[in-house]
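First up is the structure itself, then whatever we jot down about it.
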Amino acid sequence: MINITFPDGAVRQYEQGVSALDIAKSISEGLARKVLAAKVNGQVVDASRPITQDGTLQLLTWVDTDGKATMWHSSAHLMAEALEALYPGVKFGNGPSLENGGFFYDVDLDGRAISDEDLRKLEVKMTELANLNSVYVRKDVSKADAIKYFTEKNDPYKLDNLQKLEDGNITFYTQGNFTDLCRGPHIPNTGFIKAIKLTNIAGAYWMGDEKNKMLTRIYGITFPSKKELDEYLTLLEEAKKRDHRKLGKELELFAFSEKVGLGLPLWLPKGAMLRERLQNFLQKAQIESGYLPVVTPHIGNKNLYITSGHYEKYGKDSFQPIHTPEEGEEFMLKPMNCPHHCEIYKVSPKSYKDLPVRFAEFGTVYRYEQHGELHGLTRVRGFTQDDAHLFCRPDQVKEEFCKVIDLVLYVFASLGFDNYTAQISLRDKEDRAKYIGSDENWELAEQAIIESAAEKGLKTVVEYGEAAFYGPKLDFMVKDALGRKWQLGTIQVDYNLPERFELEYIGADNKVHRPVMIHRAPFGSLERFIAVLIEHCAGKFPLWLTPTQVKILPISDKYQAYTEKVAELLKKAEIRAEIDDRSEKIGKKIRDAEIAKVPYMLVLGEKEESDGKVAVRRQAKGDLGAMSVEEFVSLIQDEVANRKPFE
RNA sequence: GCUGUUGUAGCUCAGGGGUAGAGCACUUCCUUGGUAAGGAAGAGGUCGUGAGUUCAAUUCUCAUCAACAGCUCCA
């Protein structure tokens with residue numbers, strides 16, 4: 001007999017070799033019908049796997065993240081089975097479940113194109129196969145047998161995968177007529193898959209390497225019932241409504257023009273003013289924290305970037321140099337502010353007493369981003385970084401770094417961003433050739449980041465290979481409406497550029513020393529930050545940022561004089577108000593203001609004029625009743641001063 | 001850059017080998033209406049661009065540009 005400990009702490013005895021499914025059945029048949037997989041001693045396994053020794057057990061159902069992931073992974077196998085039935089000879093790459101929900105399978109269709117119509121046929125086939133309740137059967141195989149199987153099947157990708165696996169550690173899973181190389185686990189049988197939606201088709205390089213063949217990637221998602229699928233589809237629709245590209249157009253914040261150029265955003269008046277408020281907000285905080293504003297030009301001599309190393313690394317990803325007609329000198333559109341700031345540092349000799357110095361600039365930079373990468377405001381070719389470079393003594397690095405973390409967290413908190421991930425981005429463990437500088441300096445920089453993050457009690461994840469070429473980073477990652485991850489704030493410790501630019505200061509020992517540089521940008525770029533902000537608040541900006549704070553809605557033009565008087569009072573109180581004096585009914589004016597997501601509406605008619613009041617309506621909430629203009633002004637000013645989120 | 005999809009009015013979209021349509025927005029007129037759409041009339045498009053097939057192309061074919069989804073990249 002073995003002892004099984006349940007999540008609630010209860011311990012029960014079972015016969016050795018009992019499966020999670022058996023245990024579920026012993027509790028209730030109903031539960032057994034819902035079990036997708038099991039977590040035994042913290043490891044997710046098939047519910048049918050025999051348990052041979054004492055341990056903890058958690059039965060995984062649809063409510064568990066691991067349960068969902070298992071179901072989606074099994075769905076990928078189901079799709080593969082359907083593909084093989086419809087397209088004999090199809091070759092399979094990898095088919096995992098996805099963190100954001102669903103699964104994909106990369107397949108080689110041998111040049112055949114697949115259309116949306118084909119996806120519908122594939123869904124039908126999958127449903128047909130799912131209804132057969134085929135059991136997912138696990139089988140240990142030797143490497144030789146596995147190679148034989150896929151050689152006969154003529155599947156080079158599976159053979160590729162097999163190469164990396166060790167003998168004795170290889171399993172096949174078979175359901176119905178389909179067998180796959182897979183470590184599992186899987187759901188008990190295909191019957192659990194009740195609702196299927198194949199969402200889209202895209203290309204993907206084999207093993208993620210652009211030198212390899214591009215396979216067809218088919219995305220899908222499945223659910224244990226039709227109802228859940230419908231809910232998912234509704235949620236997707238809602239997410240699309242938050243898309244900053246859609247809202248940016250609707251709210252007249254920014255636009256793009258083919259004539260101006262790809263990835264070069266045009267800020268419309270409302271967007272530009274919002275941007276400026278954001279900029280002023282941060283500038284104020286920075287000045288309070290001892291930053292010194294600097295301004296540098298939009299172009300710089302190519303030699304500047306050769307010195308920094310950016311030219312060698314990113315020359316191809318920059319706009320090509322501009323040549324001066326007389327001297328033949330080469331100038332580049334500024335892709336980074338740091339080299340300029342290094343030169344500012346060098347303008348005057350520095351003493352250890354001068355440090356740290358903190359140069360801040362809302363610097364607009366230009367990068368030749370790959371055509372296919374351009375995406376709304378999140379990935380553009382011209383953007384403004386809320387950049388600053390801190391030059392400090394080695395003994396000051398940690399303190400300065402911690403202060404920057406505080407600033408980033410202050411910015412995020414002020415805007416109600418709480419779903420971020422703090423990511424420590426380190427060097428690639430294998431490929432060190434991508435980076436400049438000595439191992440010693442890298443280790444110092446990495447240590448400084450890790451220690452500072454720990455000191456601030458930040459919950460972090462470590463990602464290897466995500467560092468900048470000159471140093472490691474602490475990145476603040478946020479997801480957009482459609483679940484895509486973007487880097488916003490970033491803090492980087494850099495021992496390398498000071499060396500390349502030969503930056504110096506005179507120490508207390510009267511000797512020459514090298515400062516350490518911290519690169520940092522709490523927003524990252526204003527463009528990307530605003531994009532994420534738009535999606536975060538679904539276009540309903542906090543009152544302190546929103547372009548139009550108040551819409552004044554007279555009932556009819558009889559109240560024009562009173563309307564103008566109210567507008568004048570609001571203007572004096574620095575409240576951004578607009579009058580809707582169209583010859584429309586009040587219902588229409590309200591509807592339009594609601595759709596424009598204007599936070600406050602003032603309805604002005606006979607009653608208000610005679611009482612000297614305003615009838616206040618809050619967007620999405622409705623009538624708040626009448627109050628005096630003074631009361632309304634202090635209501636607004638209070639909300640602005642506290643930087644309340646819109647709700 | 002790669003793979004796939006799309007490209008019709010300011011916006012959202014329908015249509016289809018015989019040179020175009022809806023709703024919203026816009027303009028004018030009527031209406032002066034109390035918390036999410038009052039009525040009427042009007043204006044607006046060489047159907048992304050270029051070439052080919054055809055008596056005829058916005059519709060079919062090819063190329064090109066752009067947008068979208070994903071991959072690769074991201075100082």
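Only a predicted model underlies this, so the values are computations on that prediction, with no experimental measurement involved. Each chain gets a letter, A, B and so on, in the order the sequences are listed, and its residues count up from 1.
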Checklist line | Separation of atom CE in A/Met207 from atom P in B/C73, rounded to whole Å | finding: 13 Å

Checklist line | Polar side chain donor-acceptor pair, A/Ser425 to A/Gln423, under 3.5 angstrom | finding: yes

Item checked: N/O donor-acceptor pair under 3.5 Å between A/Lys334 side chain and A/Pro297 backbone -> yes

Next item on the list: Write down the distance between CG (A/Asp243) and P (B/C68), rounded to a whole number of angstrom.
Entry: 9 Å

Notebook entry, point to check: Where does the angle between the aromatic ring planes of A/His375 and A/Trp486 fall among parallel (under 30°), tilted (30 to 60°) and perpendicular (over 60°)?
Noted result: tilted

Notebook entry, point to check: Quantified in whole Å, what is the P atom distance between nucleotide B/C74 and nucleotide B/U61?
Noted result: 39 Å

Check: Taking the P atom of each, how far is B/G1 from B/A43, in whole Å?
Finding: 44 Å

Item checked: d(OH, A/Tyr435; P, B/A75) in whole Å -> 10 Å

Margin query: Taking the ring centre of each residue, are A/Tyr470 and A/His519 less than 6.0 Å apart?
Written below: yes

Check: Which residues satisfy the side-chain contact (heavy atoms from CB on, under 4.5 Å) test with A/Tyr205, sequence neighbours excluded?
Finding: A/Glu210, A/Met214

Next item on the list: Select base, sugar-phosphate, or nothing to describe what A/Phe104 touches, counting heavy atoms under 4.0 Å on all strands.
Entry: nothing

Notebook entry, point to check: Say you pick atom C1' in B/G44 and the same atom in B/U28; how far apart are they, in whole Å?
Noted result: 15 Å

Margin query: Does anything in residues 250-261 of chain A form a side-chain hydrogen bond (donor to acceptor under 3.5 Å, both in side chains)? List the pairs, not counting sequence neighbours.
Written below: A/Lys246-A/Glu250

Checklist line | Between C1' of B/G4 and CG of A/Asp106, the distance in whole Å | finding: 14 Å

Note to self: Could you tell me how far apart A/Lys316 (NZ) and B/A75 (P) are, to the nearest whole angstrom?
What the structure shows: 14 Å

Next item on the list: Take atom C1' in B/U46 and the same atom in B/A9, then report the distance between them in whole Å.
Entry: 14 Å

Note to self: Tell me whether the rings of A/His340 and A/Tyr305 are parallel (<30°), tilted (30 to 60°) or perpendicular (>60°).
What the structure shows: tilted

Next item on the list: Could you check A/Met214 against A/Asp209 and say which one's nearest nucleotide on RNA chain B is further toward the 5' end?
Entry: A/Met214

Next item on the list: Anything under 30° is parallel, anything over 60° is perpendicular, the rest tilted; go ahead and classify A/Phe254 against A/His244.
Entry: tilted

Item checked: Residue-level proximity of residues 473-502 of chain A to RNA chain B when a heavy atom falls under 4.0 Å -> A/Lys473, A/Arg484

Next item on the list: Do nucleotides 33-39 of chain B as a string where each nucleotide becomes B, S or -: B if the base has a protein heavy atom under 4.0 Å, S if just the sugar-phosphate does, - if no protein is that close.
Entry: BBBBBB-

Next item on the list: Grab the CG-P distance between A/Asp428 and B/A75 for me, whole Å please.
Entry: 13 Å

Check: Are the side chain of A/Gln549 and the backbone of A/Pro599 linked by a donor-acceptor contact shorter than 3.5 Å?
Finding: no

Notebook entry, point to check: With distance as the sole criterion, is a donor-acceptor pair present between the side chains of A/Asp160 and A/Trp206 under 3.5 Å?
Noted result: yes

Item checked: Whole angstrom value for the distance that separates P of B/U12 from NZ of A/Lys241 -> 15 Å

Next item on the list: Remember a base hit wins even if backbone is also touched, and classify A/Gly208 as base, sugar-phosphate or nothing at under 4.0 Å, heavy atoms.
Entry: sugar-phosphate

Margin query: Tell me whether the rings of A/Tyr600 and A/Phe632 are parallel (<30°), tilted (30 to 60°) or perpendicular (>60°).
Written below: perpendicular

Next item on the list: Report yes or no: is there a donor-acceptor pair, N or O only, under 3.5 Å between the side chain of A/Arg367 and the base of B/C74?
Entry: no

Notebook entry, point to check: Reckon A/Tyr205 has a side-chain N or O less than 4.0 Å from the OP1 or OP2 of B/C71?
Noted result: no

Next item on the list: Toss me the dot-bracket line for RNA chain B: Watson-Crick and G-U wobble, both under 3.5 Å, 5' to 3', using | for pairs to another strand and [ ] for crossers.
Entry: (((((((..((((....[..)))).(((((.......))))).....(((((..]....))))))))))))....

Margin query: With rounding to the closest Å, how many angstrom separate the P atoms on B/U5 and B/A22?
Written below: 32 Å

Next item on the list: Measure from the ring center of A/Phe359 to the ring center of A/Tyr345 and say whether it is less than 6.0 Å.
Entry: no

Margin query: Under 4.0 Å, heavy atoms only, any strand: does A/His375 hit a base, just the sugar-phosphate, or nothing?
Written below: sugar-phosphate

Next item on the list: Establish, yes or no, whether the cationic atom of A/Arg381 lies under 6.0 Å from the six-membered ring centre of A/Tyr368 and within 45° of the ring axis.
Entry: yes

Item checked: Side-chain donor-acceptor pair present, A/Tyr464, A/Arg427, cut-off under 3.5 Å -> no

Notebook entry, point to check: For every nucleotide of nucleotides 58-67 of chain B, 5' to 3': is a protein heavy atom under 4.0 Å from its base (B), only from its sugar-phosphate (S), or from neither (-)?
Noted result: -------SSS

Checklist line | Interatomic distance at P, B/U31 relative to B/G39, whole Å | finding: 16 Å

Next item on the list: Under 4.0 Å between any heavy atoms, over every strand shown, what does A/Tyr470 touch: base, sugar-phosphate, or nothing? Just pick one.
Entry: sugar-phosphate

Check: Distance between the C1' atoms of B/U12 and B/C68, in whole angstroms?
Finding: 16 Å

Notebook entry, point to check: Rounding to a whole Å, what distance do you find between A/Phe319:CZ and B/C74:P?
Noted result: 18 Å

Check: Quick one: on RNA chain B, does A/Met336 or A/Ala204 contact a more 5' nucleotide (nearest heavy atom)?
Finding: A/Ala204

Margin query: In whole Å, measure the gap between the P atoms of B/G17 and B/A57 for me.
Written below: 15 Å

